[in-house]
Amino acid sequence: NGSTYEDSVERLSFNSGGTFSATASSTRTLRDPRDGHCTVVTGGYVYVIGGRRFDGTTTWYGSIIVDRAAINADGSLGAFSAASGVTLSQGRYNHACAVAGSYVYAIGGRSGSSTSSVVLNTIERATIGSDGALGDFVTGTTDTLTAARDGHRALVAGNTLYVFGGNSLDGDPDTGNTQSIEKISLTSAGLLTGTFSSAGSLSTARYLPGIGLYGGYIYLIGGESGGANYTSVERATISADGATLGVFGNATGVNVNTVT
């Protein structure tokens with residue numbers, strides 16, 4: 001919230017038309033406060049992966065911890081607990097996560113502490129078991145981004161994994177934000193195949209934006225760059241098989257109501 005990390009978890013109910021039916025309510029808490037983590041849903045669980053945590057004094061650091069909570073039949077969550085036998089191989093925060101086939105990926109991010117941190121180009125993956133549980137994360141020996149980045153976003157479309165924007169420089173994230181997009185092909189099982197390559201660029205450099213895929217378009221929503229928060233939304237067409245991405249441009253008449 002600008003001064004402390006949060007452990008609260010909020011939820012909203014949806015009407016059939018897609019509107020919210022109630023104000024946000026806090027129903028669960030994480031095991032410890034954190035920010036810069038990522039979340040995925042698989043096998044009836046919500047997983048919270050890595051993030052930035054305090055050491056209890058004055059220093060924050062990138063965490064290797066992975067927690068999970070069961071999703072109940074009504075959509076509510078059970079209590080969060082450590083995912084048994086599952087950790088990242090390297091502490092990281094402001095990374096991106098993606099589910100592809102039988103694997104969960106933790107992509108890039110930043111590692112280190114409040115005294116020294118570096119932007120990462122490495123990628124870790126965990127296998128999704130037949131029961132939906134994750135195995136331990138391992139780092140691929142050849143799976144690396146073309147550019148180290150944090151505060152980026154990742155999205156799987158068909159058999160392609162895309163990575164959008166973020167920050168590509170160590171140090172102050174306000175000075176190294178990027179418009180670049182890269183992509184890599186996936187096997188039918190969800191393994192990365194080949195190497196990452198350029199897939200164009202965003203119309204605006206964005207750090208920590210929202211992302212969504214709907215109706216044949218990929219949307220990048222809000223975010224920040226150079227210390228300024230954005231209300232703008234941009235989009236690009238995506239082919240049905242996910243292999244071809246169009247040119248990004250502003251989504252005319254669409255803006256975020258509240259600066260995030």
Side-chain angles (χ1 to χ4, degrees), residues 36 38 40 49-50 62 88-101 103-112 116-126 137-213 218-220 223-226 234-239 241-249:
C38 66
V40 298
I49 301 168
L88 293 170
S89 62
Q90 180 175 18
R92 61 183 73 212
Y93 61 95
N94 289 351
H95 50 299
C97 287
V99 178
Y103 299 93
V104 171
Y105 290 91
I107 303 162
R110 188 177 287 264
S111 185
S116 177
S117 65
V118 295
V119 181
L120 302 172
N121 68 349
T122 54
I123 297 172
E124 304 186 35
R125 72 169 186 259
F137 278 88
V138 296
T139 303
T141 56
T142 60
D143 298 336
T144 57
L145 298 168
T146 61
R149 62 181 79 205
D150 80 315
H152 52 292
R153 293 295 179 252
L155 187 144
V156 172
N159 288 326
T160 306
L161 170 65
Y162 290 91
V163 177
F164 303 88
N167 171 71
S168 59
L169 296 178
D170 297 337
D172 185 354
D174 287 340
T175 62
N177 297 333
T178 179
Q179 296 169 258
S180 69
I181 304 168
E182 47 187 296
K183 69 177 183 178
I184 192 170
S185 296
L186 299 163
T187 69
S188 58
L191 286 170
L192 305 183
T193 179
T195 59
F196 278 91
S197 61
S198 174
S201 62
L202 300 173
S203 63
T204 302
R206 294 177 188 264
Y207 184 68
L208 298 172
I211 191 168
L213 172 64
I218 292 177
Y219 291 85
L220 272 291
E224 63 176 274
S225 185
E234 57 183 286
R235 70 178 187 177
T237 57
I238 184 75
S239 61
D241 63 1
T244 305
L245 184 66
V247 176
F248 272 92

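Everything quoted here is computed from the prediction, not taken from an experiment.
Atoms CG and CZ, from L208 and R153 in turn, are 5.5 Å apart once rounded to the nearest 0.5 Å. One distance of note links OG of S197 with CD1 of I184; it measures 8.0 Å at 0.5 Å rounding. To the nearest 0.5 Å, atom CG of residue L191 and atom CG of residue D143 are 8.5 Å apart. Expressed to the nearest 0.5 Å, how far CG of L245 lies from OG of S239 amounts to 8.5 Å. Once rounded to the nearest 0.5 Å, the distance linking NE2 of H95 with CZ of R110 reads 13.5 Å.
Taking 4.5 Å as the limit, every side-chain heavy atom of D241 sits out of range of all side-chain heavy atoms of N159. Between V138 and R125, some side-chain heavy-atom pair lies under the 4.5 Å cut-off. Side-chain contact check for T204 versus F248: every heavy-atom pair is 4.5 Å or farther apart. In this structure, F164 and P209 have side chains that are not in contact, with every pair of non-hydrogen atoms separated by 4.5 Å or more.
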Please step through side-chain contact (heavy atoms from CB on, under 4.5 Å) for the pair Y103 and L186, ending with a clear verdict. CA-CA 11 Å; Y103 299 93; L186 299 163; over 6 Å; no
Run the side-chain contact (heavy atoms from CB on, under 4.5 Å) check on Y105 and L192 step by step: do they pass? CA-CA 10 Å; Y105 290 91; L192 305 183; 3.7 Å; yes
Any chance you could lay out the side-chain contact (heavy atoms from CB on, under 4.5 Å) test for N121 and F196, step after step, and finish with the verdict? CA-CA 11 Å; N121 68 349; F196 278 91; over 6 Å; no
List the steps and the verdict of side-chain contact (heavy atoms from CB on, under 4.5 Å) for L220 and I218. CA-CA 7 Å; L220 272 291; I218 292 177; 4.0 Å; yes
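Looking at Q179, its side chain does come within 3.5 Å of a backbone N or O of S203 through a donor-acceptor pair. A donor-acceptor contact shorter than 3.5 Å is absent between the side chain of S225 and the backbone of R206. Formation of a donor-acceptor pair under 3.5 Å by the R149 side chain with backbone atoms of G108 is not found in this model. Panel note: side chain E182, backbone T146; a donor-acceptor pair is recorded below 3.5 Å. The main-chain N or O of T244 is never found under 3.5 Å from a side-chain atom of K183 such that the two would form a donor-acceptor pair.
Here the closest heavy-atom approach between residue G151 and residue Y207 is recorded as CA-CE1, 3.5 Å. When all heavy atoms are compared, the tightest approach of G242 to Y162 is O-OH, 2.6 Å. The two atoms that bring T178 and S168 nearest to each other are CB-OG, 4.4 Å, heavy atoms only. Counting all heavy atoms, side chain and backbone alike, G62 lies closest to Y93 at CA-CD2, 3.8 Å. The nearest pair of heavy atoms linking G91 to S111 is O-OG, 2.8 Å. Here the shortest heavy-atom pairing between A100 and V156 reads CB-CG2, 4.1 Å.
When each of I49, L120, I107 is paired with R92, the side chain to side chain contact (heavy atoms under 4.5 Å, CB included) condition holds for L120 and for no other.
Side chains of R235 and Y219: a donor on one and an acceptor on the other come within 3.5 Å. Side chains of T122 and T139: no donor on one and acceptor on the other come within 3.5 Å.
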